[in-house]
Each structure stands twice: as C-alpha cells, then as structure tokens.
Amino acid sequence: MTDCNGMSFEQAMESLQTVLEEMERGSLTLEQSIAAYEKAVQLIKRCRQLLEDGQRRIEVLRADAEGVTAEQIRDEFAQ
C-alpha cells in the first residue's frame, strides 16, 4: 500500500484519478482491483484530512479577524 501521508492535496487527487482510471478500464485482476481500492481509500482519507485541516485554519483566521479587539487583548494580558 502506498504511503500518502506526505502528499499534498493536489498530488493525492492526481493519484486518486489515476487509480480510478485504472479500475474503470476493467483490466485489473481481482487482487489488483482490491489493492487499487485500498489505495483509493487511503488517498480519499488523505484528501479529507487536508480539507479538514484547511477548514480549521480558515475558521481560526476568520475568528481572529472578526472577534479580537485591542481591548480584549489588553484585558487578556492584564490577568
């Protein structure tokens, strides 16, 4: 099984597309099909992880932009 933990979102999507194209051709053996399916599942998990990480980063940035005032920062340091 391919380790996709270090892949970027774009790399994982490209690899996933390649795997799906191989599977759609219908020329894989049963064992190859199962291995391709396992690889596809890992790539999908990686893409979801990266999307969730990105969403969390955006939420933090938005909260920072909307919710923190100079007064709140001063109050926080005064405690």
Side-chain angles (χ1 to χ4, degrees):
M1 187 165 330
T2 302
D3 181 26
C4 56
N5 285 336
M7 287 185 170
S8 68
F9 179 80
E10 292 77 11
Q11 290 169 326
M13 285 297 293
E14 186 176 327
S15 293
L16 180 59
Q17 184 64 36
T18 300
V19 170
L20 294 176
E21 288 170 359
E22 290 173 359
M23 293 175 75
E24 287 174 349
R25 277 191 223 112
S27 59
L28 299 176
T29 65
L30 176 61
E31 203 55 43
Q32 290 170 328
S33 294
I34 293 169
Y37 183 82
E38 289 174 335
K39 183 176 179 179
V41 168
Q42 292 303 312
L43 290 164
I44 290 167
K45 285 181 181 180
R46 177 64 179 161
C47 289
R48 284 185 180 156
Q49 174 193 15
L50 291 168
L51 288 171
E52 289 170 3
D53 290 349
Q55 183 177 5
R56 277 192 290 276
R57 289 174 61 196
I58 289 169
E59 288 171 0
V60 167
L61 291 170
R62 188 176 61 212
D64 285 347
E66 294 175 352
V68 179
T69 65
E71 186 176 316
Q72 289 171 320
I73 293 172
R74 280 191 297 264
D75 291 344
E76 183 73 22
F77 283 108
Q79 296 177 356

Show every donor-acceptor pair shorter than 3.5 Å between a side-chain atom in residues 12-21 and any protein atom, with sequence neighbours excluded, or say none if there are none.
from  : atom 1 : to    : atom 2 : distance (Å)
Ser15 : OG     : Gln11 : O      : 3.2
Gln17 : NE2    : Glu21 : OE2    : 3.2
Thr18 : OG1    : Glu14 : O      : 3.1

statement: The reported gap from CD in Gln42 to SG in Cys47 (rounded to nearest 0.5 angstrom) is 11.5 Å
Pair listing, salt bridge (Lys or Arg N to Asp or Glu O under 4.0 Å) test, anchored in residues 43-53, at least two apart: Asp53-Arg56
field: Hydrophobic cluster (4.5 angstrom, side-chain heavy atoms) - remaining members for Ile34
entry: Leu30
statement: Tightest non-hydrogen contact, residues Leu50 and Phe9, listed as CD1-N, 3.3 Å
- request: Working to the nearest 0.5 Å, report the span between NZ of Lys39 and SG of Cys4.
  value: 9.0 Å
message: Please give me the minimum heavy-atom distance between Met23 and Ala36, naming the atom from each residue.
response: CG-CB, 3.7 Å
